[in-house]
Undergrad: 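Take a look at this one; I'll ask things after.
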Amino acid sequence: MNDQKTTQKILREVFCWLQFQKRMGLEYLPNDNKLRALLHSEDLHKAASAPPAQHSRAAMPQTTKQPQISEAPAQSGKIPLFEYNDFNELQSAIAACPGCEAADTRRPVPTKPIQKPQVLVVTDAIDYEEELAGGYLTGPAMELLEKMLKAINIHMNQVYLTGLFKCRTGTKPKRMDVERCARFLVAEIGLLKPQAILSFTPLLSLPLLGKTASLSHLRGKTHLICINDHEMTLFFTHSPKTILKTAANTQKTLKLETWKDLQTLQETLKKTMGNA
């Protein structure tokens, strides 16, 4: 009897986990007919309808679907650097990139380097308006970002704004697409050496942390990374675009969570400056 209850509990947890992944936009399921049959069986649905085990954090509803990729094994050690002599050489390499299946157009959004930025901000997927404007985050989203950073005494002249994807993506990026584009971002980080990185996309966890995870699992934590012998702290939070597109009753929650993440970023920067 105990074995049966344990089995049902495990199956219920697996089912709930897969349902959570599906809500986050991940539609991948192992190609195993027996597993598929089990997951769609009536017994499993009955088990899943029982009161679930308590978790420390509930999944936040998302109104915009982030690109997702399949799970990757965790890695450790320093992040490999794709070296370029200077920023101009890097920009030339981005312009010469042949593109990938995920790229809807081959019009990379340009960026301007600044000397040792305090924060390097990585945006989520580029939309049509941003591509036309030739800049990461535009209009109300940029205004909200400026307000967010100003609230923790960071001005835009201390910020380098870039994206994990350099072109607008028209399809769901695959692992190879993320890794190909991330090499340019890693090179940017290696050249600019920011004090901290603020990411609006959970996909950045693959190239910088060696694993994939949802935003809800990456938020609220500080992630120490090292590129080209330069250590810095990586933070994840909600994108201004996501906040603005979220319904009013949920938007307040997202803003509160973002504010807590920004406060953690501010405290970390204070410690970094104090140890300098």
Side-chain angles (χ1 to χ4, degrees), residues 69 71-97 108-124 136 149 152-166 173 175-213 215 217-237 261-276:
I69 53 177
E71 195 69 25
Q75 300 173 354
S76 60
K78 295 182 180 180
I79 299 167
L81 176 65
F82 297 88
E83 297 231 20
Y84 295 93
N85 292 324
D86 53 38
F87 199 81
N88 289 333
E89 187 176 306
L90 170 61
Q91 290 292 80
S92 298
I94 294 175
C97 177
V109 174
T111 57
K112 295 181 180 180
I114 65 174
Q115 292 296 323
K116 294 184 178 180
Q118 191 170 13
V119 179
L120 187 145
V121 176
V122 184
T123 71
D124 43 11
Y136 296 101
L149 296 177
I152 57 171
N153 300 317
I154 297 176
H155 298 277
M156 293 306 294
N157 60 3
Q158 301 171 296
V159 174
Y160 176 78
L161 181 59
T162 188
L164 172 57
F165 297 103
K166 305 306 179 185
R175 179 192 177 99
M176 66 179 70
D177 301 324
V178 175
E179 293 177 337
R180 183 186 293 114
C181 229
R183 65 181 182 177
F184 297 128
L185 175 62
V186 171
E188 285 177 297
I189 298 170
L191 287 171
L192 298 175
K193 295 180 172 59
Q195 295 179 26
I197 300 173
L198 179 64
S199 176
F200 298 142
T201 170
L203 292 185
L204 192 59
S205 64
L206 175 59
L208 296 191
L209 301 179
K211 62 182 180 181
T212 60
L215 185 62
H217 282 79
L218 294 167
R219 275 194 55 259
K221 302 179 179 69
T222 57
H223 310 271
L224 186 65
I225 63 173
C226 182
I227 298 177
N228 199 22
D229 295 325
H230 175 67
E231 288 189 346
M232 68 212 87
T233 310
L234 169 64
F235 300 86
F236 291 86
T237 195
D261 296 333
L262 292 175
Q263 286 180 306
T264 304
L265 170 60
Q266 184 181 33
E267 289 300 317
T268 301
L269 289 174
K270 286 181 180 179
K271 292 179 182 178
T272 302
M273 295 295 292
N275 296 330

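The analysis underlying the following values was restricted to heavy atoms, covering all of them including side chains, and did not include hydrogens, waters or symmetry mates. Bear in mind that the values here come from a model prediction, so they are computed numbers and not experimental data.
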Undergrad: Determine the minimum heavy-atom distance between Leu192 and Pro117, stating which atoms define it.
TA: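 Of all heavy-atom pairs spanning Leu192 and Pro117, the closest is O-CD, 3.4 Å.
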Undergrad: Would you please test Leu209 and Leu218 for side chain to side chain contact (heavy atoms under 4.5 Å, CB included) and show each step?
TA: CA-CA 10 Å; Leu209 301 179; Leu218 294 167; 4.0 Å; yes
Undergrad: So does Thr123 get a backbone contact from the side chain of Thr201, meaning a donor-acceptor N/O pair under 3.5 Å?
TA: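 Checking the backbone N and O of Thr123 against the side chain of Thr201, no donor-acceptor pair under 3.5 Å is found.
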Undergrad: Please tell me if the side chains of His155 and Leu149 come closer than 4.5 Å, counting only heavy atoms from C-beta onward.
TA: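 Side-chain contact under 4.5 Å: no.
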Undergrad: Just how far is it from atom CZ of Phe87 to atom CG of Leu191, taken to the nearest 0.5 Å?
TA: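 CG of Leu191 is found 7.5 Å from CZ of Phe87.
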Undergrad: What's the separation between atom CG in Leu120 and atom CE in Met232, rounded to the nearest 0.5 Å?
TA: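 Answer for the CG-CE pair, Leu120 versus Met232, is 9.0 Å.
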Undergrad: What residues form a side chain to side chain contact (heavy atoms under 4.5 Å, CB included) with Thr222, not counting sequence neighbours?
TA: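 Per chain and number, Thr222 pairs via side chain to side chain contact (heavy atoms under 4.5 Å, CB included) with Thr233, Phe235, Thr264, Thr268.
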Undergrad: Between Asn157 and Ile114, does the side chain to side chain contact (heavy atoms under 4.5 Å, CB included) criterion hold? Intermediate values first, please.
TA: CA-CA 8 Å; Asn157 60 3; Ile114 65 174; over 6 Å; no
Undergrad: At their closest point, which heavy atom of Val121 faces which heavy atom of Phe200, and how far apart are they?
TA: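 Closest approach of Val121 to Phe200, heavy atoms only: CG1-CE1, 3.5 Å.
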Undergrad: Would you say Asp86's side chain and Asn88's backbone share a donor-acceptor pair under 3.5 angstrom?
TA: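 Judged by distance alone, yes, a pair lies under 3.5 Å.
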Undergrad: Using every non-hydrogen atom in the two residues, find where Gln118 and Ile154 come nearest and quote the distance to one decimal.
TA: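 The answer is OE1-CG1, 4.2 Å.
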Undergrad: Output yes when a side-chain donor or acceptor of His223 lies under 3.5 Å from a complementary backbone atom of Phe236, and no otherwise.
TA: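 A pair under 3.5 Å: no.
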Undergrad: To the nearest 0.5 angstrom, please state how far the NZ atom of Lys193 sits from the CG atom of Asn228.
TA: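 Here the rounded value is 5.0 Å.
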Undergrad: Please report the closest heavy-atom contact between Cys226 and Asp229, naming both atoms and the distance.
TA: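 So the two residues come closest at SG-CA, 3.7 Å.
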Undergrad: What do the steps show when you test Thr111 against Tyr160 for side-chain hydrogen bond (donor to acceptor under 3.5 Å, both in side chains), and what is the final call?
TA: CA-CA 8 Å; Thr111 57; Tyr160 176 78; 2.8 Å; yes
Undergrad: Does the side chain of Leu269 reach to within under 4.5 Å of the side chain of Asn153, using non-hydrogen atoms?
TA: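 No - every pair of side-chain heavy atoms lies 4.5 Å or more apart.
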Undergrad: Test your reading of the model: is there a side-chain donor-acceptor pair from His230 to the backbone of Pro194, 3.5 Å cut-off?
TA: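 Looks like yes, one N/O pair under 3.5 Å.
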Undergrad: To the nearest 0.5 Å, how far apart are OG in Ser205 and CG in Leu215?
TA: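 Rounded to the nearest 0.5 Å, the OG-CG separation comes to 9.5 Å.
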Undergrad: Going by heavy atoms in the side chains, are Leu234 and Leu204 under 4.5 Å from each other?
TA: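 In contact.
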Undergrad: For Asp261, give me all partners under side chain to side chain contact (heavy atoms under 4.5 Å, CB included), at least two apart in sequence or on another chain.
TA: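 Per chain and number, Asp261 pairs via side chain to side chain contact (heavy atoms under 4.5 Å, CB included) with Arg219, Thr237.
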Undergrad: For the residue pair His217 and Lys221, what are the closest heavy atoms and their distance?
TA: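 Shortest heavy-atom separation between His217 and Lys221 comes out as O-NZ, 2.7 Å.
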Undergrad: Step by step, would you call Gln91 with Phe184 a side chain to side chain contact (heavy atoms under 4.5 Å, CB included)?
TA: CA-CA 9 Å; Gln91 290 292 80; Phe184 297 128; over 6 Å; no
Undergrad: Would you say the side chain of Ile227 lies within less than 4.5 Å of the side chain of Leu208, judging by non-hydrogen atoms?
TA: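 Sidechains of Ile227 and Leu208: in contact.
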Undergrad: Between NZ of Lys211 and CG of Leu206, what distance do you get to the nearest 0.5 Å?
TA: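 One gets 11.5 Å once the value is rounded to the nearest 0.5 Å.
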Undergrad: Quick one: pull up CZ in Phe165 and CZ in Arg180 and give me the separation to the nearest 0.5 Å.
TA: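 It is 11.0 Å, given to the nearest 0.5 Å.
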Undergrad: Looking at every heavy atom in both Ala187 and Leu90, which two are closest together, and how far apart are they?
TA: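 For Ala187 and Leu90, the tightest heavy-atom pair comes out as CB-CD1, 3.9 Å.
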